[in-house]
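Written out below as structure tokens is the structure these notes cover.
Basis for what follows: all heavy atoms, side chains included, without hydrogens, waters or symmetry-related copies. Below, chains carry the letters A, B, ... as their sequence lines are ordered, and counting in each starts from 1. None of the values given here were measured: they were computed from a predicted structure.
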Amino acid sequence: MSRADREPYSPSHLEAKWQTRWEEEGTNAFTREELRDASRPYYNLMMFPYPSAEGLHVGNIYAFTGADVHGRYQRLRGQEVFEPIGFDAFGIHSENFALKVGIHPMDLIPRNVANFTRQLRRVGGMFDWDHTVDTTQPDYYRWTQWLFVQLFRGGLAERKEAPVNWCPSCMTVLANEQVVAGVCERCDTPVEQRRIAQWFFKISDYAERLLQNLEHIDWSETTKKAQRNWIGRSEGAVLRFPVAGPRADRDDAAIEVFTTRPDTVFGATYMVLAPEHPLVDEVVTDHQRAEVESYRERAKRTDLVARKKAETEKTGVFTGGHCRNPATGDLIPIWIADYVLMEYGTGAIMAVPGHDERDFEFARRFDLPVVRVVRAPEEEEGAPLQEAYTGKGALVNSGEFDGLAVEEGKARITDWLGERGLAEAKVTYRLHDWCISRQRYWGPPIPIVHCPDCGPVAVPEEDLPVILPRVEDFKPDAGGVSPLARVEEWYQTTCPECGADARRETDVSDTFLDSAWYFLRYPSTDRDDVPYDPEITRKWLPVDCYIGGNEHAVLHLLYARFLTAALKDLGHLDFEEPFTKFRAHGLIIREGAKMSKSKGNVIIPDSIIEEFGADTFRTYLMFLGPFEEGGDYRDEGIHGPFGFLKRLWETVVPTDQLRKGPPEPEIEQKLHQTIAQVTEQLGDLQYNTSIAAMMEYLNAVRSGGRVAARSEVEPLAVMVAPFAPHLAEELWQRLGHEGSVFDGERWPVYDPAKAREETVTIAVQVNGKVRSTVEAPAGTGEDEVLAMARADQNVSRYLDGQDLRRVIFVPDRLLNLVIG
RNA sequence: GCCGGGGUGGCGAAACCGGUAAACGCAGGGGACUUAAAAUCCCCCGGGCUCACGCCCUUGCGGGUUCGAUUCCCGCCCCCGGCACCA
């Protein structure tokens, strides 16, 4: 057959064919029976997208492709792989976008979902379209609400006051990200804080468990580290400082502080309370009252973001009150300052300016005394402090504890104060409870009814879902309340317990709640009577492998872990960690720069798939760089993978021209080496080097224009299948096989004996510099290699007239001759 | 500031446990085939010196350990991502 007659590689034709076939034959879909009966279940999960109006982003495709490659590989190894996808469509972004374009989110979201679905199918993911979720559908959020009810009943949901960012001009609550440099991103009005009653999940009760479990789950190390930091365990002590004055003999009139440095208590020269601290009213003197009140007003007007900036200069005022340092017995002044946060610890600190940078700065500013209580090894005991000393050393000015090392001092002083009821060792966590209330429209209503007599009552499960009503005007307005609070006919109801007139909760829940459990729903989407089928859940969960971005390292992943543990404790699950393995993928940039709509450098997937095909696009994305690190998308680079797939096609088709019989020995060795490498690396998500290995192999097969043997290319067709599934299917079929290449344990096995190199090249160094190389059979001994090296002219040149002092020999690799 | 991840040819990148730095690919150059082009195949492609055999330099910078360092240790610089006074 002449070249001209050859059938060209035509990805668009071939990809459409296989996508249709997968659809028709249910190649990637599971029936309920199949889910029940699976004998080798493998749950392959990826983070579901938020369906924006712009369509699928390359970042999404990159992540999904990496996960899909993993799923397809597992499937070729004989696992039954369940790979679902869905849509996380509630939340502030959809709401704002809908407001901007003037289309109701209930109309907008289905359009976006339809567009995403179309694009996702084109990319060739192994998705089970019979098991998909959309968090905005009542049949999904019914169970999100059910979950809230379970936690509420289990005592893990509570209502308490918390500060929110408040824009006095827009009259609405803002998310932290809507506050830019202390002002509202929309109208530039300075943002204030307000306290309102909100629902919280008590994730902090689980802090220790969430931390401990990190030890035995197989997650990316960076993600685990981020979670550890976020949980922020700190060991220390709570110390009590009795308030001086008329209230001094009252038991409750002591200020509790949490400190990680109880060893420095002798150096605590003043006390600082958060402006909101309840004891402020008790300790303030009449003389200072006006000043304190005005400071508290000011603090209230500062938004939460600005208040947490470290760079701002420290401010504070004296309350006029004093308390007693429990160690020295001295009276010390009580101040308030906004750098002390009510949300952390006890909302009060003992200030040790000598050994804490913030306290030092504050003391300098307000001329408060600084006392040294720790001496660094090389310092004089009485040396004045030019800055806070936070390092190790020995205690000084600390009475009977002088001379103790910092670490020992912590325990001893805590015990000593403890004997008098003034201290106890304590562990605190930075992690705080999860606020799930949102004063917004686009979310699932929180399923609570507020009854004047019974208080907050959960909506009975049989009355779920509480449907989010279609409200045309959902814009936040002057009332400063949730949009649903303006819909009287919706919120007026009766108490499920006593029947009295009652009012529905008008806040909706946080989107993170929607996504904290979606993986439980996927296998059971056809059950409308339970959130998840117990039998199927036992079989398929926890998730075997979860792949997603590290931007969700803390919030989403921590919430999902918390919820799973809580459901276990409440008797709804029999495992407590949802994701056995988690891998974070890297970020993809383009031509060295971050992609953004404003820069106009985003990649439009549709046009690339049009031109090169989904297989090439997938392969190129995975070839860019290490999957867990990301890569730089350069437009020209796609020709590499395209050429590779095209050459693979041309090598195999037409199949009747392939040679018969076993591979040629040299090719066979390379083949087994390639299978070994690809098998090992695919398991570790090292996709770029796997692809390189296959390219190298194909180059060897085609080298010098040789005609391939069928036995040389058939294993390669299977190995590229995870990356280029359409092409692989077509080649597999043309090679004479029935059905899908993915329907069986088709992954090639390699024979280490065949992969072994018989001849090796050994580097010969003289004093660590490579001077020559010698070829020898693998396993050749030192003496023999040394003899060969000596015979080498360029080596002997250096050896002449020199003492051979040492010989280092690494079998099959290197010989280093040390002379001199 | 703190916490992560990085810095290797013109470019994206590779390198097992410390053992020939630059695999694979892009871009570039040369050649074969062709009337020609495309496709395909072959060769070259970090810098410098040399007719050449070869030699010297080179993995952000400066030290160190080692027979030998992209890899380990110490100190710095720069880039990317995240967090923000956490007591």
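- Judged by distance alone, the side chains of Arg358(A) and Tyr339(A) never bring a donor and an acceptor atom under 3.5 Å apart.
- Glu424(A) meets the side chain to side chain donor-acceptor pair (under 3.5 Å) test with Arg240(A); sequence neighbours excluded.
- Distance check on atom C1': rU70(B) versus rG18(B) gives 11 Å, rounded to whole Å.
- In this model, the phosphate group of rC67(B) is approached by a side-chain N or O of Arg806(A) to a distance below 4.0 Å at OP1 or OP2.
- Across all strands shown, rA32(B) is found opposite rU40(B) as a Watson-Crick or G-U wobble partner, with both distances under 3.5 Å.
- Take Trp219(A) and apply the ring pair (Phe, Tyr, Trp, His ring centres under 6.0 Å) test, not counting sequence neighbours, and it matches Phe582(A).
- For the segment residues 218-230 of chain A, residues with any heavy atom less than 4.0 angstrom from an atom of RNA chain B are, sorted by number, Thr222(A), Lys225(A), Asn229(A).
- Partners of Phe512(A) according to the ring pair (Phe, Tyr, Trp, His ring centres under 6.0 Å) rule, which considers only residues two or more places apart in sequence or in another chain, are Tyr559(A).
- For Glu636(A), counting side-chain heavy atoms from C-beta on, the closest listed nucleotide (rA87(B), rC26(B), rC86(B)) is rC26(B).
- Nucleotides rG6(B) and rA15(B) have their P atoms positioned 13 Å apart, rounded to a whole Å.
- Comparing the C1' positions of rU8(B) and rA14(B) gives an interatomic distance of 10 Å, to the nearest angstrom.
- Nucleotides of RNA chain B nearest to Arg358(A) and Ser703(A) differ in position, and the one nearer the 5' end is that of Ser703(A).
- Comparing the same atom, P, in rA39(B) and in rC53(B) gives a spacing of 35 Å after rounding to whole Å.
- Residue Arg590(A) contributes atom CZ, which lies 15 Å from atom C1' of rC11(B) at whole-angstrom precision.
- Rounded to the nearest Å, the gap between the P atom of rA22(B) and that of rC16(B) is 13 Å.
- Comparing rC45(B) with rG54(B), their P atoms are spaced 15 Å from each other, to the whole Å.
- For Tyr270(A) and rA87(B), the OH to P distance is 16 Å, given to the nearest whole Å.
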List, with names and distances, any nitrogen or oxygen atoms from the protein found under 3.5 Å away from nitrogen or oxygen atoms belonging to nucleotides 44-46 of chain B.
none

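- Considering only side-chain N and O atoms, Arg702(A) lies under 4.0 angstrom from the phosphate OP1 or OP2 of rC41(B).
- Protein atom OH of Tyr344(A) is 14 Å distant from nucleotide atom C1' of rA84(B), rounded to whole Å.
- Closest to the side chain of Arg647(A), out of rC41(B), rA87(B), rC26(B), is rC41(B).
- Proximity of a side-chain donor or acceptor of Thr773(A) to a complementary backbone N or O of Thr761(A) within less than 3.5 Å is not detected.
- Nucleotide rU70(B) forms a pair with no other nucleotide shown, judged by Watson-Crick or G-U wobble geometry with both contacts under 3.5 Å.
- Taking syn as a glycosidic angle within 90° of 0, rG30(B) does not qualify and is anti.
- Scored by the ring pair (Phe, Tyr, Trp, His ring centres under 6.0 Å) test, Phe627(A) finds Tyr62(A), His585(A), Tyr687(A) as partners (sequence neighbours excluded).
- Summarising the geometry, the separation between CD on Glu551(A) and P on rC80(B) is reported as 18 Å, rounded to the nearest angstrom.
- Taking atom CZ on Arg805(A) and atom C1' on rU66(B), their separation rounds to 16 Å, with Å as the unit.
- Nucleotide rG4(B) holds its P atom 19 Å from the CG atom of Leu587(A), rounded to whole Å.
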Contact letters for nucleotides 28-34 of chain B, in which S counts primed atoms plus P, OP1 and OP2 and B counts the base, heavy atoms under 4.0 Å: -------
Polar atom pairs (N or O), protein with nucleotides 47-54 of chain B, under 3.5 Å:
unit_1	atom_1	unit_2	atom_2	d
rG54(B)	O3'	Arg797(A)	NH2	3.3

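- In this structure, the CZ atom of Phe360(A) is 17 Å from the C1' atom of rA87(B), given to the nearest Å.
- Within the shown strands, rC83(B) is the pairing partner of rG1(B) under the Watson-Crick or G-U definition, both distances less than 3.5 Å.
- Rounded to whole Å, the distance from CD on Glu650(A) to C1' on rA39(B) is 8 Å.
- For the P atoms, the distance linking rG7(B) with rG12(B) amounts to 11 Å, nearest Å.
- Partners of Phe809(A) under the ring pair (Phe, Tyr, Trp, His ring centres under 6.0 Å) rule, at least two apart in sequence or in another chain, do not exist in this structure.
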Heavy-atom protein contacts under 4.0 Å, nucleotides 14-24 of chain B, coded B base, S sugar-phosphate only, - none: S-B--BB--BB
Between the protein and nucleotides 71-76 of chain B, which nitrogen or oxygen pairs come in under 3.5 angstrom?
none

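- Legend: side chain to side chain donor-acceptor pair (under 3.5 Å) pairs involving residues 626-639 of chain A, not counting sequence neighbours, sorted by first then second residue: Arg590(A)-Asp635(A).
- Using atom C1' as the reference point in both rU65(B) and rC72(B), the two lie 8 Å apart (nearest Å).
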From CA spacing to verdict: salt bridge (Lys or Arg N to Asp or Glu O under 4.0 Å), Glu666(A), Lys670(A): CA-CA 7 Å; Glu666(A) 216 170 289; Lys670(A) 188 92 187 155; over 6 Å; no
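- Each of Pro641(A) and Gly705(A) lies near RNA chain B, and the nucleotide nearest Pro641(A) is the one positioned closer to the 5' end.
- Using a 90° window around 0 for the glycosidic torsion, rC55(B) falls outside it and is classed as anti.
- For Lys769(A), a side-chain nitrogen or oxygen approaches OP1 or OP2 of rC57(B) to under 4.0 Å.
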